[in-house]
Protein chains: 2
Amino acid sequence: MRSEPLSRARIVAAAIDLIEREGADAVSMRRIAAELGVGVMSLYNHVPNKDALLNAVAEAVLSEIEFTDDPDAHWTDRVRAQAGAFRQIAHHHPRSTMLVVSRQLHSAAGLLPVERALATLRGAGFDGPDAVRMLRMFIAFIVGSLLREVGVTPTFAPVQTRTIKAEGVDPALFPEVSSLAPLLDECDHEAEFDFGVELLIQAMHVHSGRKEGTR
Amino acid sequence: MRSEPLSRARIVAAAIDLIEREGADAVSMRRIAAELGVGVMSLYNHVPNKDALLNAVAEAVLSEIEFTDDPDAHWTDRVRAQAGAFRQIAHHHPRSTMLVVSRQLHSAAGLLPVERALATLRGAGFDGPDAVRMLRMFIAFIVGSLLREVGVTPTFAPVQTRTIKAEGVDPALFPEVSSLAPLLDECDHEAEFDFGVELLIQAMHVHSGRKEGTR
DNA sequence: CGGGGGTTACGTACACCGTACGTACCTTTT
DNA sequence: AAAAGGTACGTACGGTGTACGTAACCCCCG
């Protein structure tokens with residue numbers, strides 16, 4: 001009857017599956033155990049507690065990123081590729097991605113992306129402090145974007161695209177919001193993300209082209 | 001004995017207080033009721049459920065932002081001021097800020113900042129679509145930054161400044177991370193935030209200065 | 001060929017959670 | 001005076017994370 005002997009990996013996989021299907025709120029030790037056809041406390045032989053499990057989930061999702069980094073490519077293309085690679089996990093595991101961005105994990109799993117990014121930035125000619133600054137900038141942008149894109153989706157609904165806020169605003173109080181409502185309501189996340197990446201790349205360009213002065 | 005008659009405002013205030021003191025995990029209806037010296041179910045006369053309470057908390061925190069917007073100032077200064085105003089709430093209510101950025105609230109409370117920002121951007125010469133894009137860009141950056149700055153602080157610790165990851169990395173596997181470890185470990189959030197704001201302002205500058213072509 | 005000894009699975013139990021429901025009081029309207 | 005409505009409260013139900021004690025298994029050492 002015991003098909004496979006229950007392992008940390010299987011538990012994490014079940015958790016990810018459950019999160020994707022029913023949302024992060026549905027995750028409970030009992031639920032996961034039931035999903036695996038196993039007693040609740042058996043999980044604790046492989047995972048110290050729920051928090052650690054969620055960290056493991058975040059780690060697993062994060063380590064799924066495919067980095068096909070080409071050191072010979074122009075640094076702008078490498079930046080584009082890395083940003084896109086990060087974004088792809090939000091497409092593959094929308095709900096679980098929230099865990100990755102909500103919990104900053106101190107584990108080594110998130111270290112490889114950092115290494116790649118720093119190498120790229122150094123290759124682009126930034127010195128240490130500037131490379132770190134730019135990296136933080138990019139991370140902030142990516143995290144913030146994914147947070148908006150994936151929505152928090154606290155409960156159900158397969159991600160919820162409608163924001164539903166357009167109509168009820170008073171044009172006298174909020175003229176800009178009111179007149180731009182159609183634009184605010186819809187959002188092509190892909191295009192928006194690409195726009196941000198390009199904007200940041202341009203910004204990095206002008207930043208590197210002046211180095212000092214002007215302030 | 002009944003000092004004040006218990007109101008939605010008092011409940012929200014108690015919730016914020018509790019969150020700041022003991023973290024978001026410590027928030028429970030029973031805990032809040034105890035804090036107010038009141039029965040648990042009395043809360044439900046003023047708040048439909050916990051989720052609505054947390055939304056109210058987010059709304060209250062958000063509406064505490066002080067916008068001293070000067071329509072005559074240069075648009076770059078207005079952008080700086082608005083970004084800073086947003087960041088100040090992260091300083092005043094670090095833990096509660098997580099609620100604001102985690103939960104996107106569709107209520108009207110977050111509408112005023114949007115209105116102000118759009119007005120500023122339009123004043124800077126951006127047309128509708130570009131203004132919305134830039135606003136989204138800025139929001140993503142601010143949210144991402146605050147998320148890093150305040151940390152998720154899921155449990156205790158008065159914000160936890162140490163990241164503790166410097167030492168254990170293999171210089172052979174992660175040369176960049178290893179050599180830049182000191183820079184990665186410490187972070188002057190204020191300076192980092194200001195750097196990002198300036199970078200984005202410059203980016204907006206070059207973006208408005210070309211409008212079309214180059215791609 | 002015994003045994004142990006460690007690992008794994010499991011059940012029970014406890015403290016806590018959100019909240020549905022019924023009830024008492026107190027204030028205002030009729 | 002009576003009726004109506006809102007506020008506070010207690011109890012109860014089904015859920016949660018996990019500490020603890022037990023039983024089965026496998027493997028290695030004698």
Side-chain angles (χ1 to χ4, degrees), chain A residues 1-19 21-58 95-96 98-99 102-103 105 152-156, chain B residues 1-19 21-59 95-96 98-99 102-103 105 152-157:
Chain A
M1 202 54 183
R2 247 334 119 266
S3 54
E4 265 172 293
L6 186 57
S7 66
R8 183 182 165 99
R10 252 161 56 82
I11 295 175
V12 170
I16 292 180
D17 202 57
L18 185 57
I19 292 176
R21 272 186 297 118
E22 307 199 15
D25 297 17
V27 175
S28 82
M29 294 310 227
R30 286 168 162 86
R31 198 81 172 65
I32 293 173
E35 211 82 10
L36 290 166
V38 114
V40 191
M41 296 315 289
S42 309
L43 302 178
Y44 285 87
N45 288 324
H46 307 267
V47 164
N49 55 52
K50 184 182 183 181
D51 206 61
L53 202 175
L54 293 184
N55 278 333
V57 166
R95 328 277 277 254
S96 309
M98 296 303 296
L99 286 185
S102 293
R103 250 151 232 276
L105 42 165
V152 68
T153 64
T155 42
F156 263 65
Chain B
M1 203 57 180
R2 243 343 112 262
S3 55
E4 264 172 293
L6 186 57
S7 66
R8 182 181 166 99
R10 251 163 55 83
I11 294 175
V12 170
I16 293 179
D17 202 57
L18 185 57
I19 292 175
R21 271 186 297 118
E22 308 198 15
D25 297 18
V27 175
S28 81
M29 294 309 226
R30 287 171 160 85
R31 197 81 171 65
I32 294 173
E35 211 84 8
L36 290 167
V38 112
V40 193
M41 295 317 289
S42 308
L43 302 178
Y44 286 87
N45 288 323
H46 307 266
V47 164
N49 56 50
K50 185 183 182 179
D51 205 61
L53 203 177
L54 292 184
N55 278 334
V57 166
E59 203 164 322
R95 328 278 277 254
S96 308
M98 296 303 295
L99 285 184
S102 292
R103 197 167 271 278
L105 44 162
V152 69
T153 65
T155 43
F156 261 66

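Everything numeric here is computed off the predicted structure, so don't read it as measured data. The sequence lines fix the lettering, A, B, ..., with proteins before strands; numbering per chain opens at 1.
Minimum interatomic distance between R103(B) and D51(B) (heavy atoms only, all atoms of both residues): NH1-OD1, 3.3 Å. Residue A33(B) comes nearest to V40(B) through the heavy atom pair CB-CA, 3.7 Å, listed as atom of the first residue, atom of the second, then distance. R31(B) and L18(B) get closest at one heavy-atom pair: CG-CD2, 3.5 Å. Residue E22(A) comes nearest to R95(A) through the heavy atom pair C-NH2, 3.8 Å, listed as atom of the first residue, atom of the second, then distance.
In terms of phosphate contacts, H46(A) brings a side-chain nitrogen or oxygen within less than 4.0 Å of OP1 or OP2 of dA9(C). Note on S28(A): a side-chain N or O is less than 4.0 Å away from OP1 or OP2 of dT16(D).
Between the C1' atom of dC10(C) and the CG atom of L6(A) lies a distance of 12 Å, rounded to the nearest Å. Computed from coordinates, the K50(B) NZ to dT16(D) C1' distance equals 12 Å when rounded to whole Å. Residue D51(A) contributes atom CG, which lies 13 Å from atom C1' of dT18(D) at whole-angstrom precision. Taking atom CD1 of residue I32(A) and atom C1' of nucleotide dT18(D), one finds them 14 Å apart after rounding to whole Å. Rounded to an integer number of Å, the gap from CG of L53(A) to P of dT16(D) is 15 Å. Atom CG of L43(A) and atom C1' of dC10(C) are 11 Å apart (whole Å). Computed from coordinates, the N45(B) CG to dG10(D) P distance equals 13 Å when rounded to whole Å. What separates CD1 of I11(A) from C1' of dG17(D) is a distance of 15 Å, to the nearest Å.
Both N49(B) and S42(A) sit near DNA chain C, but only S42(A) has its closest nucleotide nearer the 5' end. Both P48(A) and R31(A) lie near DNA chain D, and the one whose nearest nucleotide falls closer to the 5' end is R31(A).
A donor-acceptor contact under 3.5 Å is formed by the side chain of R30(A) with the base of dG17(D).
The shortest side-chain heavy-atom distance between I19(B) and L99(B) falls under the 4.5 Å cut-off.
The side chain of M41(B) lies closest to dG10(D) when the candidates are dC17(C), dG10(D), dC10(C).
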